[in-house]
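To start, the structure under review is shown below, and the notes come after it.
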Amino acid sequence: MPDWSYHTFFRPILHRLPAQVSRDFIHRSMSFISSIPFGSKLISFLGHFDNDLRLSKTIGDVTVPNPLGLSGEIDPSLIGTKAFTHLGWGFIEIGPITVNSTLQNDCPLWDRKNKRILFPEPLPSIEVKKVKDRLKKVKKQQPFLIRLRGTNEEIVRLIQQLFSYGDGFIIETTELISHEVLRGLRQCAMGKPIILSVKNDINLIRKAILPIQSFLDGIVVESDRTWTTEENQRLLKKTVHLLKQQANWHLPIVIKGGVQSPNDALELLHAGADFLLISDGYIYSGPGLPKRILESLLFTSFGNLEKSQYTGWQYYWWFGLIIFLSGILAFIFSVTSVILPYDEAFLNTTREQIYSWNPQLLAFMSHDRMTLAGTMISGGILYMFLAKYGVQYRLHWTKHAIDVAGIIGFLGFLLFIGYGYFDFLHLSLWMILIPFFLKGMKSSKNVKALPVSFDLYNDRAWKQCLWGQLAFISLGVSLVFGGVVIALIGTTTIFVPTDLAYICMTPEMLNDWNERLIPVIAHDRAGFGSALCSVGTLILLISLWGFRRGASWVWRAFFIGGIPAFVTGIGTHFWIGYTTLIHLVPAYIALFLYIVGLLTTYRYLHDKGSKIS
């Protein structure tokens with residue numbers, strides 16, 4: 001459930017339900033999706049997340065891909081763990097786990113005024129048997145740190161029972177802990193990290209933890225549930241700062257809570273925290289929070305992406321330029337002769353003869369070819385933008401978008417021969433484009449850079465942009481679906497009822513006059529459907545993966561790239577007088593989504609605070 005669906009649709013509905021009901025609904029839905037065939041790949045596809053090795057850290061002997069962890073408070077029943085492993089977390093906290101389950105007391109409450117969730121005290125726990133059963137079904141993508149609560153004796157028993165399921169253990173003991181107890185826990189854990197959970201009390205930490213830190217691999221500093229996020233943020237930073245000033249302090253510090261935005265996370269990390277356990281802030285900020293934090297951390301730690309010196313991106317750019325110029329050429333033909341010499345040779349008739357027989361038919365064919373031309377021009381523009389502003393900076397998602405959409409476009413060429421007519425111009429274009437596309441794929445195989453951003457706040461521009469992102473995603477899905485439908489029509493019935501009403505003829509009448517006329521029209525329709533599907537895929541993938549604060553090139557790509565398609569797609573109908581409302585409704589809906597997307601994303605994508613890749 002990405003941010004663009006969570007904040008715009010699901011959260012307003014779910015917040016009206018009891019917290020436990022809404023949470024279980026989300027987690028069970030995510031778990032169901034991740035359990036079906038290719039479900040995990042779908043979650044990964046939507047998020048398109050990968051870890052940057054420069055952000056990896058170690059806690060004990062365990063390597064953590066990034067410093068962000070998901071608190072066990074979010075999913076105490078382990079219902080959604082299978083899905084959470086694909087959402088960009090560096091580690092996941094499992095538990096708390098006790099000898100006896102206390103899940104019946106699981107009643108979190110919304111505190112809407114202070115934008116936080118009041119979890120029950122003590123936190124609900126899950127019994128060992130359920131933990132084992134549910135973790136057996138999870139394919140780990142990152143370390144699991146198991147939180148154990150109980151007496152010292154109970155914790156030893158729990159470590160023994162859960163040893164093979166966790167990579168480390170967070171200890172929440174109800175008794176005083178001594179050197180001897182810790183020595184026994186370390187022996188029981190057999191080298192796996194032992195991390196002690198403590199309250200945010202600097203005096204308590206100094207008194208109780210400093211003397212025994214040589215027996216620990218880290219501490220978790222807990223935020224106070226009675227404080228607001230701002231209060232927790234301030235006091236947690238103070239605690240981290242004071243601990244880092246201790247000359248003999250060497251334990252990694254894990255901060256739990258106090259994070260509702262990327263800025264909160266960065267301030268704690270820059271203050272000296274080594275790891276963050278994200279709690280209720282994840283629910284308020286949405287599933288995209290870890291990705292936004294890590295991209296901002298990459299930006300502040302390593303700066304913006306730089307242009308690469310290699311020339312592989314230029315092959316993709318030329319690929320887009322050739323499609324763009326081909327679309328221009330096709331547009332010129334569509335408003336002039338419409339029928340080309342090789343069309344006349346195949347039909348064994350002339351343009352003039354078609355016009356004298358039925359002028360509406362020639363206009364109808366012009367409308368098909370003009371919309372195809374506009375789609376090609378728009379697609380070429382998007383390819384060039386992706387190459388220049390994405391692949392040139394080694395952004396992996398831009399290469400992926402080009403490759404997927406390009407392959408769909410090439411496969412669509414096969415539809416041209418669905419009715420036995422494959423003209424030489426399309427064949428020539430196909431042969432010209434393939435070398436550029438293949439060379440671009442080969443030359444950019446090492447394009448693996450992750451995006452960076454400086455998206456610190458959950459401000460109005462960000463929330464508004466989520467609606468625009470949803471609009472563009474809807475537009476992309478609609479165009480892909482529309483392209484598939486048009487391609488199917490082009491290879492089956494050829495015409496819809498409004499087409500036949502416009503040309504005032506039946507397919508039988510057309511076939512009686514010239515049996516080769518329908519194959520030419522089918523060829524145009526199938527080709528347009530294929531091109532629309534390819535361009536819709538580009539719009540969809542850019543919308544899913546490319547929205548970041550300050551990424552103005554994405555907005556310009558949509559703005560400039562959309563004009564040719566909509567001018568030709570709608571304008572041609574008025575030019576030839578084919579203005580049947582039901583036929584144009586899909587185009588009007590697409591135009592509405594396009595305008596809404598542009599208006600609601602402008603401020604966010606043109607943020608002057610930073611330059612983003």
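Note that these values count all heavy atoms, side chains included, but never hydrogens, waters or copies made by symmetry. Treat the numbers as computed from the prediction; the structure is a model and nothing was measured.
A cation-pi geometry, defined here as NZ or CZ lying under 6.0 Å from the six-membered ring centre and within 45° of its normal, does not hold between Arg556 and Phe385. Because its NZ or CZ atom is not both nearer than 6.0 Å to the ring centre of Phe333 and within 45° of the ring axis, Arg369 does not count as a cation-pi partner of that residue.
The aromatic rings of Phe299 and Phe454 sit tilted, their planes meeting at an angle between 30° and 60°.
No salt bridge links Asp3 with Lys291; every basic N to acidic carboxylate O contact stays at or beyond 4.0 Å. A salt bridge does not link Arg548 with Asp455: every distance from a Lys NZ or Arg NE/NH1/NH2 to an Asp or Glu carboxylate oxygen is 4.0 Å or more. Using a 4.0 Å cut-off between charged nitrogen and carboxylate oxygen, Asp459 and Arg549 count as a salt-bridge pair.
For the side chain to side chain donor-acceptor pair (under 3.5 Å) with Arg525, the lone residue among Thr493, Thr371, Asp499 that qualifies is Asp499. Evaluated for a ring-ring contact (aromatic ring centres under 6.0 Å, His included) with Phe319, the options Tyr383, Phe436, Phe324 yield exactly one hit, Tyr383. If you run side-chain contact (heavy atoms from CB on, under 4.5 Å) between Leu298 and each of Leu55, Asn66, Ile293, only Leu55 comes through. Of the listed residues (Lys388, Lys399, Lys439), just one forms a side chain to side chain donor-acceptor pair (under 3.5 Å) with Tyr316, and that residue is Lys399.
The shortest distance between side-chain heavy atoms of Trp4 and Ser543 does not fall below 4.5 Å. Taking 4.5 Å as the limit, every side-chain heavy atom of Val484 sits out of range of all side-chain heavy atoms of Phe481. Using a 4.5 Å heavy-atom cutoff, the side chains of Tyr502 and Ile576 are in contact.
For Tyr578 and Thr498, the side-chain atoms include at least one donor-acceptor pair closer than 3.5 Å. Neither side chain, Tyr315 nor Lys442, offers a donor N or O lying under 3.5 Å from an acceptor on the other.
The aromatic ring centres of Tyr457 and Trp462 sit 6.0 Å or more apart. Aromatic ring centres of Trp89 and Tyr282: separated by under 6.0 Å.
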Next item on the list: Assess whether side-chain contact (heavy atoms from CB on, under 4.5 Å) is satisfied between Ile521 and Leu361, documenting all intermediate values.
Entry: CA-CA 10 Å; Ile521 296 173; Leu361 181 59; 4.0 Å; yes
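The structure places CD1 of Ile489 at 9.5 Å from CD1 of Ile494, a figure rounded to the nearest 0.5 Å. Atoms CG and NZ, on Asp52 and Lys448 in that order, are 13.0 Å from each other to the nearest 0.5 Å. Here Gln360 contributes atom CD and Cys504 contributes atom SG; the two are 6.5 Å apart, rounded to the nearest 0.5 Å.
Using modelled atom types, one side-chain atom of His367 and one backbone atom of Phe364 make a donor-acceptor pair closer than 3.5 Å.
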